There are 2 protein chains.
Amino acid sequence: MLADIEPVNRESTAAIIARQLRDAIMTGSLPPGTQLGETELAARFQVSRGPLREAMQRLVSEGLLRSERHRGLFVIDLEPGDVYDIYSARSAVERAAATRVVRSGDRERVAGILDEAVEAMAHADEQDDPTALTEADLRFHEALIEASGSRRLARMARTLLIETRMCLSALQNTYSKNYQGVDERVTEHNKIIEALRAGDEESMLALLEAHMDDAVQRLAPGTSLHSGAAPGLTRDGVDLA
Amino acid sequence: MLADIEPVNRESTAAIIARQLRDAIMTGSLPPGTQLGETELAARFQVSRGPLREAMQRLVSEGLLRSERHRGLFVIDLEPGDVYDIYSARSAVERAAATRVVRSGDRERVAGILDEAVEAMAHADEQDDPTALTEADLRFHEALIEASGSRRLARMARTLLIETRMCLSALQNTYSKNYQGVDERVTEHNKIIEALRAGDEESMLALLEAHMDDAVQRLAPGTSLHSGAAPGLTRDGVDLA
DNA sequence: GGTCGTATGATTGTCAACAATCCGAGGAGT
DNA sequence: ACTCCTCGGATTGTTGACAATCATACGACC
């Protein structure tokens, strides 16, 4: 009966603030390059600067915030090369996740979950709701990774999916609406599920990589995951340590 | 001449402390399960509790520290299933890195760097220095990832390599010394370099995966990356948010 | 006119004290 | 002997104030 009586309150204030900040960055409420004033944010969250700073340090280590000493914290801004980098990393993570799923026992259950996401995509398309479509798209990939059961893949993917959404909302104003038909995107996802159901690991991975490559070419025309060298990434003051 | 005159001091105190803590966790100075008392650590680092907490929050978000509210922060302890999870994630990351390198222009240069690491491994073996051997082994993989030029792969790998070393130092006392000859390990690395030099992407990736699988089977006998289901991971109070 | 020095304002970095919470020991009661 | 309650000690969580640093604007000087 009392199955899900999780321990109460087991979440630090810093964790809560961090999640809210992540959401704000993801949805575009805090556009790339925005400076995060500590005093202002502390007032908005109704907490002191201590917990707020702790939350921001988390995002720094996740790579979502850039810290300049005595200057402030800024939302990272994505350069052209980052699109390649993000999707390259996503490809690696999701490939591993998909591999684990297809080799696991409950392929069918996972496929069902993924089906729901794709259905939501189609539904969003019918209603002409690009936001919901993106949401469902990301949920597909999120579900895939969660189904892998890997804590580390999940942690890595969380940041990557946030950055993906940053890319999308940064470029969604560029071209009118749907550069390519969404039907194609839905089909791609369905093919992946199909291969997963069939247990055909090889073609599933191929489809997944092709899916990623399509996304890169859509977002950053001219570059490709399968092409030769990667676009350069400026390696300046990233507070990696 | 003045090429690398990086802006001075561009490193926050929290970043410095975080790095030192990472090193301490990695080398085993802070064994898994250790509770990190804030007052004590603050005294050791000669800073106040503020910056120290910020540093610890970074490690929490990286998954190296586990936070229990009003209880304290603890170094994560690796359960059996974690070995699989770590190496599975490492396999994904290094696979992507290697792919980017083999498709890039400077295969030869990277191969040279990797050669150095392998030579250091052989040298450490001659001198019967298992610590140096592990160090060189990890440097190989670190160099491979750095050569990929991907900021995100590098960030993900940093945590994974720390955890790898935690596994090693946790289990190095289990069996006498070198369960399997180190010659084999050296050979495996050399074969990877060889395939990289030749530009043979397919066999390079196969060798890399085999290398990872060997490591898993050495550390956690019975499990394999290529086998079916992954060992279960208890999914309790991980402060993922 | 242009460049350098200086003052100002605001922001971040740091600290020590206060409040809230939790764990364990001890004792009263059944 | 067992359970429950209470209290003390210790630790974490939070706060507001202080010190250090930097960007900007203004004026002096060449």
Side-chain angles (χ1 to χ4, degrees), chain A residues 5-21 24-25 30-31 33-62 64-77 236-241, chain B residues 5-21 25 30-31 33-61 64-77 236-241:
Chain A
I5 45 160
E6 309 191 5
V8 290
N9 205 13
R10 254 206 187 346
E11 198 170 37
S12 61
T13 315
I16 299 173
I17 299 178
R19 191 175 46 217
Q20 298 216 28
L21 281 177
I25 293 175
L30 295 172
T34 310
Q35 176 167 8
L36 301 181
E38 296 186 356
T39 319
E40 177 200 341
L41 277 182
R44 287 171 64 108
F45 283 118
Q46 301 229 7
V47 291
S48 181
R49 279 177 50 211
L52 182 77
R53 282 174 64 87
E54 292 173 16
M56 297 205 292
Q57 292 298 326
R58 285 194 180 199
L59 299 197
V60 168
S61 97
E62 290 171 18
L64 260 43
L65 258 43
R66 169 173 46 93
S67 157
E68 294 186 19
R69 194 172 159 85
H70 290 294
R71 194 85 60 92
L73 289 158
F74 304 83
V75 181
I76 57 162
D77 32 15
D236 43 33
V238 205
D239 197 356
L240 260 180
Chain B
I5 46 159
E6 309 191 3
V8 290
N9 205 11
R10 252 207 185 346
E11 197 168 35
S12 61
T13 318
I16 299 173
I17 298 179
R19 192 176 45 215
Q20 298 216 26
L21 281 178
I25 293 175
L30 295 173
T34 310
Q35 176 166 10
L36 301 182
E38 296 185 356
T39 319
E40 177 199 340
L41 277 181
R44 285 172 65 108
F45 282 117
Q46 303 228 8
V47 292
S48 180
R49 281 176 49 211
L52 181 76
R53 282 175 64 87
E54 292 173 17
M56 297 205 293
Q57 293 297 327
R58 285 195 180 197
L59 299 198
V60 168
S61 98
L64 260 42
L65 258 43
R66 170 173 47 92
S67 157
E68 295 186 20
R69 195 171 159 85
H70 290 294
R71 194 84 60 93
L73 290 157
F74 304 83
V75 180
I76 56 162
D77 32 16
D236 42 34
V238 206
D239 197 356
L240 260 179

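Worth saying up front: this structure is predicted, and the values here are computed from it rather than measured. In the text below, chain A, chain B and the rest are named by the order of the sequence lines, each starting its count at 1.
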Strand-adjacent residues in residues 46-57 of chain A, judged by heavy atoms under 4.0 Å from DNA chain D: A:Val47, A:Ser48, A:Arg49, A:Gly50, A:Pro51
Below 4.0 Å: OP1/OP2 of D:dA23 and any side-chain N or O of A:Arg71: yes
Close side-chain approach of B:Leu64 and B:Arg58, heavy atoms under 4.5 Å: no
Value in whole Å for how far the C1' atom of D:dT21 lies from CZ of A:Arg69: 9 Å
Phosphate-side-chain proximity, B:Ser12 and C:dG13, N/O vs OP1/OP2 below 4.0 Å: no
Interatomic distance, A:Leu73 CG vs C:dT12 P [rounded to whole Å]: 8 Å
Flag side-chain contact, heavy atom, 4.5 Å: A:Thr13 against B:Arg69: yes
Side chains of A:Val60 and B:Gln57 in contact at under 4.5 Å (non-hydrogen atoms): no
Atom-to-atom span, CZ of A:Phe45 to P of D:dT15 - whole angstrom: 14 Å
Rounded interatomic separation in angstrom, taking CD from A:Gln35 and C1' from D:dA23: 11 Å
Nucleotide C:dG13, atom C1' - distance to CD of A:Glu38 in whole Å: 8 Å
Flag, side chain of A:Gln35 to backbone of A:Arg71, donor-acceptor distance under 3.5 Å: yes
Nucleotide C:dT12, atom C1' - distance to NE2 of A:His70 in whole Å: 7 Å
Close side-chain approach of B:Leu59 and B:Ile25, heavy atoms under 4.5 Å: yes
Donor-acceptor side-chain pairing of A:Ser67 and B:Ser12 below 3.5 angstrom: no
